[in-house]
Colleague: 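Quick one: this structure, given as structure tokens, is what I'll be asking you about.
Convention: sequence-line order gives letters A, B, ...; per-chain numbering from 1.
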There are 4 protein chains.
Amino acid sequence: MEEKVNVGIIGATGYAGVELLRLLLSHSKVKVAAISSKSYEGENIQDIYPNFREIFSSLLCDNDTVIDSSDIVFSSLPSGFSEPIASQCVDKGKKLIDLGADFRLKDEKDYKNWYNLEYNDKELHDDSVYSIPELHKDLLTGKSIIGNPGCYPTSICLGIAPILKNKLFDGDIIIDSKSGVTGAGRGLSITTHFPECNSNFSAYKIAQHRHTPEIEQTLSNIAGKKINVTFVPHLIPINRGILSTIYVKLKKCSGLLDVYKIYVDFYSDCKFVRVLPVGSSASIKNVKYSNYCDVSLHLDKINNRLIICSAIDNTVKGAAGQAIQNMNLMLGFDEDEGLNLIPPAF
Amino acid sequence: MEEKVNVGIIGATGYAGVELLRLLLSHSKVKVAAISSKSYEGENIQDIYPNFREIFSSLLCDNDTVIDSSDIVFSSLPSGFSEPIASQCVDKGKKLIDLGADFRLKDEKDYKNWYNLEYNDKELHDDSVYSIPELHKDLLTGKSIIGNPGCYPTSICLGIAPILKNKLFDGDIIIDSKSGVTGAGRGLSITTHFPECNSNFSAYKIAQHRHTPEIEQTLSNIAGKKINVTFVPHLIPINRGILSTIYVKLKKCSGLLDVYKIYVDFYSDCKFVRVLPVGSSASIKNVKYSNYCDVSLHLDKINNRLIICSAIDNTVKGAAGQAIQNMNLMLGFDEDEGLNLIPPAF
Amino acid sequence: MEEKVNVGIIGATGYAGVELLRLLLSHSKVKVAAISSKSYEGENIQDIYPNFREIFSSLLCDNDTVIDSSDIVFSSLPSGFSEPIASQCVDKGKKLIDLGADFRLKDEKDYKNWYNLEYNDKELHDDSVYSIPELHKDLLTGKSIIGNPGCYPTSICLGIAPILKNKLFDGDIIIDSKSGVTGAGRGLSITTHFPECNSNFSAYKIAQHRHTPEIEQTLSNIAGKKINVTFVPHLIPINRGILSTIYVKLKKCSGLLDVYKIYVDFYSDCKFVRVLPVGSSASIKNVKYSNYCDVSLHLDKINNRLIICSAIDNTVKGAAGQAIQNMNLMLGFDEDEGLNLIPPAF
Amino acid sequence: MEEKVNVGIIGATGYAGVELLRLLLSHSKVKVAAISSKSYEGENIQDIYPNFREIFSSLLCDNDTVIDSSDIVFSSLPSGFSEPIASQCVDKGKKLIDLGADFRLKDEKDYKNWYNLEYNDKELHDDSVYSIPELHKDLLTGKSIIGNPGCYPTSICLGIAPILKNKLFDGDIIIDSKSGVTGAGRGLSITTHFPECNSNFSAYKIAQHRHTPEIEQTLSNIAGKKINVTFVPHLIPINRGILSTIYVKLKKCSGLLDVYKIYVDFYSDCKFVRVLPVGSSASIKNVKYSNYCDVSLHLDKINNRLIICSAIDNTVKGAAGQAIQNMNLMLGFDEDEGLNLIPPAF
């Protein structure tokens with residue numbers, strides 16, 4: 001019998017962490033060796049998340065124990081907390097997949113500007129790789145630290161990459177994203193208190209969201225020149241899912257079908273990106289609880305503006321699922337191992 | 001004792017009609033004389049809407065009875081059905097406030113293109129006036145037919161009018177709107193079937209929504225030149241409310257405070273538009289069940305793009321409330337008579 | 001011009017307090033003189049609740065200022081905090097309507113058992129009166145402290161009072177209540193964190209809820225003998241409303257119509273209780289944002305069990321609205337002054 | 001390589017049918033050979049349910065084709081439509097698992113009374129078996145027609161079986177159930193129109209729901225005597241899940257721990273029933289998207305009444321999942337094959 005790879009989760013009780021746990025428990029090639037939580041250390045995960053009763057029982061331990069017990073460490077922590085974890089992992093020969101923001105931005109200036117934090121060990125960052133697998137899988141070889149992308153950037157970059165790659169655009173890029181409430185995390189706040197959040201809808205961190213430099217970094221790399229975007233996130237009163245509506249002026253009067261073909265071609269090897277037939281519109285319902293990113297294309301002919309809708313489950317393709325996809329590629333597993341999740345109809 | 005004005009509602013069982021009924025019943029200067037419904041003729045409104053039990057009892061009659069019983073007729077019907085009503089009203093010396101689309105578009109070509117219908121009696125349309133009161137109240141004098149605006153156009157035009165009026169913008173206008181499900185009406189459809197709609201979010205009629213020509217007509221009038229917009233509506237799984245996020249490139253590098261002052265000045269006489277202090281963001285929660293339109297202003301400095309959030313209750317300021325506001329102005333009542341609705345905190 | 005009565009709210013930023021504020025602002029005979037909040041003292045209510053922008057502006061002050069500025073003081077505080085307020089009010093000749101639990105239970109033992117607190121000034125309690133107006137309005141005369149009922153007891157006691165009064169029941173009373181999330185207050189908790197609460201449904205404090213002795217006290221008084229109930233509350237993922245489903249074995253085989261007549265008779269003078277025609281079922285939708293209590297009657301013939309559904313808005317009839325109703329009666333105003341709220345259709 | 005069993009779904013576009021499809025596609029021992037739909041015959045399932053895009057493509061065919069292509073036929077049709085399907089299956093040597101009501105009631109009188117329909121081929125019914133696997137798995141041997149239980153009866157019978165089996169109860173059984181909206185099916189109705197359903201809560205078919213005879217049949221069999229129940233279902237504005245709150249008077253003063261032990265013992269071999277530790281309360285959140293039934297036990301000591309909360313996902317354990325569980329047992333597969341679904345945390 002093939003031996004399973006030991007994996008561990010640091011920050012297992014946050015929403016990304018617990019979704020990771022759920023998905024890893026159904027992954028045929030790994031074994032969840034240890035999980036940690038600062039807030040709930042010493043408690044059983046079942047007492048925090050009773051959905052795991054009679055399925056998975058484990059005490060939440062400290063981070064060191066996770067690192068020592070695992071070949072692959074997933075870290076899902078607030079900004080600034082994963083860098084020291086990474087350092088330990090490298091020292092001990094473990095691989096790290098960081099679901100936080102510490103290994104996403106190449107330019108430390110961006111990290112300082114947007115997160116008000118510094119890189120303490122620059123070498124670590126040089127040795128890390130940022131990976132939306134569909135766009136960066138070739139860069140994974142030989143790396144031991146992966147910066148797993150943010151949820152908004154995943155939906156946005158997958159939605160717009162083919163346009164930038166093929167230099168079809170002209171002028172500004174405007175991104176109007178909408179996210180379910182798990183995107184705000186499990187920490188309590190008045191904004192996410194049920195009666196304040198339910199039946200409401202509003203924008204937040206308008207043109208000031210921390211995912212902006214990450215989006216621009218990825219898009220600039222693809223375009224081969226500096227790209228600025230206007231990015232406005234909104235909160236939808238649902239649990240899961242992101243829909244990004246992206247507005248791009250086309251350079252020339254391409255027909256919608258031509259654009260569609262470029263997308264289909266661009267994603268021909270990418271199981272998890274579904275380019276919807278012209279006439280369909282991406283919706284959160286069709287991707288939730290799955291690792292898919294649905295992309296639909298629409299044309300405002302009068303203004304020659306392409307409108308792209310991109311939908312993901314923020315906690316799967318936008319976090320835990322993509323982290324597993326990165327692990328699969330890193331370890332040479334099938335890319336979709338453990339990720340063959342059919343989105344439920346409702 | 002002052003005599004009350006008799007008002008009637010044609011199409012009283014649709015969502016706009018029934019909200020109109022609720023608001024008119026609390027209006028001190030009018031009396032609801034008759035209400036009609038094609039689908040429920042002969043039934044008591046209480047049997048369709050049991051919220052009215054022991055409050056208001058009335059059989060739903062036919063349209064002729066409503067017209068004959070009323071001084072002011074409100075009509076809330078599908079496209080094409082209000083024009084003949086208007087004709088009757090004019091013949092009988094009654095005034096009509098149409099909540100449908102028949103008297104919104106000045107150019108018949110737009111009506112043909114977007115609604116696939118014709119104007120049968122052009123004189124009627126010449127005698128009618130389209131009115132978002134804050135923008136058009138001076139035009140109401142002497143008119144006997146009012147085209148009450150659509151919900152999306154109300155939120156959008158109020159959000160962007162000061163910019164256009166003051167010629168501060170440069171280039172394209174992109175409008176990303178989100179509406180609660182009552183905007184889709186009371187007619188059954190799979191899209192608005194609870195399990196399909198709940199926990200979902202998606203765009204629809206992308207760059208193809210019928211409110212587009214109405215938006216462009218109003219904005220062009222204000223700007224004094226032809227304005228094209230890219231307009232994308234989305235469906236939010238909540239009952240009430242619209243939030244429009246509007247993206248406009250500023251002509252020159254105005255500071256946000258300057259723009260704010262222009263808005264405050266523009267709306268200084270307008271009780272129902274609240275320009276939020278810089279730093280606040282308009283949200284549906286703060287306007288629902290009221291006639292307010294909350295407008296907030298945000299700047300993407302790097303791209304010199306102004307982002308405007310505009311929130312209304314689609315069934316009040318976007319339909320029934322605005323219709324009453326128009327009636328008040330037409331009849332010389334206080335503009336806010338019957339509309340002093342404090343939005344509940346939750 | 002008639003002078004208005006000065007009213008004040010202690011604890012104005014909780015959900016009951018802020019709903020009280022909204023309703024009192026539309027009450028023609030009172031003026032909101034002062035409002036207080038421990039958590040937000042010194043801030044403007046508009047900054048906590050932006051729905052009040054351009055409608056009502058007031059700094060949140062301390063409790064003493066509220067008492068000194070008001071003829072009638074409403075207090076909406078956690079258990080144990082209203083008794084000292086009451087003492088001050090009595091000393092200064094002010095009347096107090098307490099929306100908390102301090103003046104609901106006549107037997108101090110109940111208060112000790114369920115709230116783990118004591119009555120420090122027994123005389124105060126002797127001088128106070130507990131009032132669901134439909135059941136207790138005769139007791140209000142000459143009292144200066146009113147214990148405003150809890151939300152669950154209101155829906156339950158109104159639902160079952162006619163049965164007890166007429167001694168139609170036999171055996172046990174089982175009450176299965178369901179409440180919207182505002183019932184849990186504005187304090188943050190993981191239970192009311194949006195992603196944990198949304199799409200969920202569960203019971204809580206099963207047969208252990210603090211409203212149990214209040215329910216039993218009221219029912220026992222009506223029945224003229226000690227009544228025990230089994231009471232189980234549940235949390236519905238909506239903002240407002242309570243539906244109580246009450247199960248009572250009938251003493252003899254009464255027809256449903258007979259029971260219906262008894263209810264109609266019992267509530268003949270009660271504007272705010274609507275006994276629904278046989279065949280209808282009470283639902284939260286038809287009472288929300290209003291002071292109505294809808295009661296529907298159903299018979300399980302085989303088991304000769306009466307099933308009563310009773311629906312209220314927990315924040316209006318279950319809290320703020322009923323407090324105003326009590327004030328109106330206390331001051332000799334029309335019982336429905338400020339409470340003519342038509343429940344919206346959606 | 002082991003050959004897979006061919007399965008087919010009749011009525012694949014209803015909510016139970018489509019959930020069955022999703023689950024069967026992940027079942028390692030079966031192959032979905034054909035699916036049918038009356039309303040959508042000739043269309044691709046992907047066009048009705050775009051969540052299946054790039055995952056499963058199949059035209060919806062007619063029922064005969066499904067029967068001919070399959071070893072096991074699942075039928076999910078309105079009452080009265082499965083009997084003729086069953087007849088065909090038997091003739092052609094196929095096995096049928098009926099998710100409708102045609103093979104649930106042993107006594108034709110019940111079927112007539114509650115469904116207003118007759119059994120046309122009584123032999124078919126004699127050859128069929130009704131199976132909640134935890135209670136009836138021994139009866140499955142040699143049967144070729146399985147009547148898959150209703151959603152409410154599943155949650156209720158699993159919740160109360162140990163009490164009846166052990167004759168611990170005395171007197172009446174009251175069942176207050178609450179279901180998500182998918183329980184009402186995919187057919188459009190004003191009750192399930194989003195704006196009417198959202199933010200609402202109410203009971204329906206009070207003491208008149210068709211699942212009543214099915215519940216009583218199962219409970220009577222377990223108890224060994226005729227059991228009558230009072231059963232009241234309610235609609236929760238969520239998509240999935242049922243919570244049943246069951247009230248039973250205990251014969252003698254058993255301690256809660258004793259009852260708990262009896263439950264644990266009763267379900268010791270049942271993977272899919274989780275008896276929660278005393279002090280926990282079953283909630284929909286912890287079972288949704290899974291085949292689990294969570295049961296929690298609570299005691300109202302004063303009235304010596306046991307309160308049982310039982311939670312399932314109505315579309316999995318209450319329909320599609322249980323049908324697969326029955327198939328697994330019928331075919332000798334592991335009971336949990338294809339059903340190892342970990343309920344997500346949110």
Side-chain angles (χ1 to χ4, degrees), chain A residues 12-26 45-56 180-182 186 198-199 237-240 267 270-277 280-283 285-290 292 294 296 313 315-316 320 340-346, chain D residues 12-26 45-56 180-182 186 198-199 237-240 267 270-277 280-283 285-290 292 294 296 313 315-316 320 340-346:
Chain A
T13 56
Y15 285 147
V18 74
E19 185 70 353
L20 199 49
L21 175 58
R22 184 175 76 98
L23 297 178
L24 288 170
L25 289 174
S26 299
I45 183 75
Q46 294 188 4
D47 294 328
I48 320 303
Y49 286 106
N51 52 305
F52 288 112
R53 277 208 188 104
E54 304 188 16
I55 296 171
F56 178 72
V181 184
T182 51
R186 201 174 186 244
N198 185 40
S199 304
I238 63 174
N239 280 8
R240 284 173 180 252
Y267 288 120
C270 299
K271 170 174 177 168
F272 291 119
V273 178
R274 303 191 292 195
V275 181
L276 303 193
S280 294
S281 176
S283 74
K285 176 169 69 171
N286 291 326
V287 297
K288 68 182 177 180
Y289 295 99
S290 86
Y292 289 101
D294 275 6
S296 67
D313 183 320
T315 66
V316 185
N340 280 309
L341 309 159
I342 306 177
F346 47 84
Chain D
T13 56
Y15 285 146
V18 74
E19 184 69 352
L20 201 46
L21 176 57
R22 183 175 76 98
L23 297 179
L24 288 169
L25 289 173
S26 299
I45 184 75
Q46 294 187 2
D47 294 328
I48 320 303
Y49 287 106
N51 51 305
F52 289 112
R53 276 209 189 105
E54 304 188 17
I55 296 172
F56 179 71
V181 184
T182 51
R186 200 175 186 243
N198 185 39
S199 304
I238 63 174
N239 280 8
R240 285 171 179 252
Y267 288 121
C270 299
K271 170 174 178 169
F272 291 120
V273 179
R274 303 191 290 195
V275 181
L276 304 193
S280 294
S281 176
S283 75
K285 178 170 64 171
N286 291 327
V287 297
K288 68 182 180 183
Y289 295 99
S290 87
Y292 289 100
D294 274 5
S296 67
D313 183 319
T315 66
V316 185
N340 280 309
L341 309 158
I342 305 176
F346 47 84

Colleague: What part of Tyr15(A) gets within 4.5 angstrom of chain D, counting heavy atoms only: side chain, backbone, both, or neither?
Modeller: both
Colleague: Under a 3.5 Å distance rule, please check whether Arg274(D) uses its side chain to pair with a backbone N or O of Arg53(A) as donor and acceptor.
Modeller: yes
Colleague: Heavy-atom pairs under 4.5 Å with chain D are the metric here; pick the option from Leu341(A), Asn198(A), Leu276(A) that has the most.
Modeller: Leu276(A)
Colleague: Counting distance only, does the side-chain N/O of Asn51(A) pair as donor-acceptor with the main-chain N or O of Pro343(D) below 3.5 Å?
Modeller: yes
Colleague: Mind listing the closest non-hydrogen atom pair of Glu54(A) and Lys271(D) along with its distance?
Modeller: OE1-O, 4.4 Å
Colleague: Is it the side chain or the backbone of Ser283(A) that comes within 4.5 Å of chain D heavy atoms, both, or neither?
Modeller: neither
Colleague: Counting only heavy atoms closer than 4.5 Å, note whether Arg240(A) contacts chain D via side chain, backbone, both or neither.
Modeller: side chain
Colleague: Could you look at Phe52(A) and say if it's the side chain, the backbone, both or neither that has a heavy atom under 4.5 Å from chain D?
Modeller: both
Colleague: Run Ile342(D) and Ser26(A) through side chain to side chain contact (heavy atoms under 4.5 Å, CB included) and show every step you take.
Modeller: CA-CA 8 Å; Ile342(D) 305 176; Ser26(A) 299; 3.9 Å; yes
Colleague: Is it the backbone or the side chain of Thr315(A) that comes under 4.5 Å from a heavy atom of chain D, or both, or neither?
Modeller: side chain
Colleague: Specify which of Leu23(A), Val18(A), Asn239(A), Thr182(A) makes the most heavy-atom pairs with chain D at under 4.5 Å.
Modeller: Thr182(A)
Colleague: Do you know which of Ser280(A), Ser290(A), Ser199(A) has the most heavy-atom pairs under 4.5 Å to chain D?
Modeller: Ser280(A)
Colleague: Please identify, among Pro277(D), Pro344(D), Ala345(D), the residue contributing the most non-hydrogen atom pairs under 4.5 Å to chain A.
Modeller: Pro344(D)
Colleague: Examine whether an atom of Val275(A) lies under 4.5 Å from a heavy atom of chain D, and if so say whether it belongs to the side chain, the backbone or both; otherwise answer neither.
Modeller: backbone
Colleague: So, taking the atom named OH in Tyr292(D) and the one named CD1 in Ile55(A), what distance separates them when rounded to the nearest 0.5 Å?
Modeller: 3.5 Å
Colleague: With rounding to the nearest 0.5 Å, note down the distance linking NZ in Lys288(A) to OH in Tyr289(D).
Modeller: 4.5 Å
